[in-house]
Amino acid sequence: MADEPLSQEQIEARLGDLPGWELEGSRLARGYRLPSHFAAAALTVHIAQIQEELGHHSDLTLGYNTVGLSVSTHSAGGAVTEKDLTLATRVEAIASAHGAH
Ligand SMILES: C[C@H](O)[C@H](O)[C@H]1CNC2=NC(N)=NC(=O)C2=N1
C-alpha cells in the first residue's frame with residue numbers, strides 16, 4: 001500500500017534507480033543545481049505542478065541556482081513510503097530538461 005512505511009533496506013534498494021536521492025533521517029531528499037536562477041525557479045513551478053497532480057508535496061527550497069526537495073509521508077508518521085518514491089521518480093523524469101544536475 002502506498003502509505004505503508006518502507007524499511008531502510010527497501011528504500012536503499014530503490015535508491016539505486018534514483019541517483020542523487022538520499023535518505024536524510026526519515027526523509028527522501030535531493031538537491032539540484034541549475035544553469036540559472038530563473039531555470040531553478042521554473043523547475044520549482046514544474047515540481048509544484050507534479051505535486052498537485054499527485055496530491056503529495058515535498059518541502060521545496062529555491063536557492064541561488066539550486067532547488068532542494070525533502071519529502072516523507074505525514075500519514076505514515078513521517079516515514080518514507082511509495083508515494084515519496086513516486087514523487088522522486090516523477091521529478092527525476094523532468095529535471096534534466098530544465099538543465100538540472
Ligand atoms: C489530504 C492530502 O492528500 C494529504 O494531506 C496529503 C497532502 N500532501 C502530502 N504531502 C506529503 N509530503 N505527505 C503527506 O502525507 C501528504 N498528505
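Note that the structure is a prediction, hence the values are computed from the model and not measured. Atoms within each ligand, like the ligands themselves, are counted from 1 in listed order.
- Inspection of the Glu53 and Gln49 side chains reveals no N or O donor paired with an N or O acceptor under 3.5 Å.
- Using modelled atom types and a 3.5 Å distance limit, the side chains of Glu24 and Ser70 yield no donor-acceptor pair.
- Note that atom 4 (C) of ligand 1 has no protein non-hydrogen atoms nearby, at separations under 4.0 angstrom.
- Atom 1 (C) of ligand 1 is not flagged as protein-proximal [any protein heavy atom, distance under 4.0 Å].
- Contacts between Val71 and ligand 1 below 4.0 angstrom, taking non-hydrogen atoms only, involve the side chain exclusively.
- His46 places no side-chain N or O within 3.5 Å of a backbone atom of Ala95 that could act as its donor or acceptor partner.
- Here the protein heavy atom with the shortest distance to atom 12 (N) of ligand 1 is His57 O, 2.7 Å.
- No N or O atom of Ser58 sits closer than 3.5 Å to an N or O atom of ligand 1.
- The part of Ser72 lying near ligand 1 is the backbone, judged by heavy-atom distances below 4.0 Å.
- A salt bridge links Asp59 with Arg27: at least one charged nitrogen is closer than 4.0 Å to a carboxylate oxygen.
- Using a 4.0 Å cut-off to heavy atoms of Thr73, the atoms of ligand 1 that qualify are 13 (N), 15 (O).
- Note that OG of Ser72 and CG of Leu87 are 11.0 Å apart. Values are rounded to the nearest 0.5 Å.
- Looking only at heavy atoms of the protein, atom 14 (C) of ligand 1 is closest to His74 ND1, 3.2 Å.
- For atom 6 (C) of ligand 1, the nearest protein heavy atom (residue, atom name, distance) is Gly55 O, 3.6 Å.
- The nearest pair of heavy atoms linking Ala88 to Leu28 is CB-CD2, 4.1 Å.
- At distances below 3.5 Å, not a single donor-acceptor pair connects side-chain atoms of Glu12 with backbone N or O atoms of Glu9.
- Under a 3.5 Å cut-off, the side chain of Gln51 and the backbone N or O of Ser58 do form a donor-acceptor pair.
- Residue-ligand proximity: Ala76 is placed with every non-hydrogen atom at 4.0 Å or more from ligand 1.
- Atom 8 (N) of ligand 1 is approached by the protein to below 4.0 angstrom, counting heavy atoms only.
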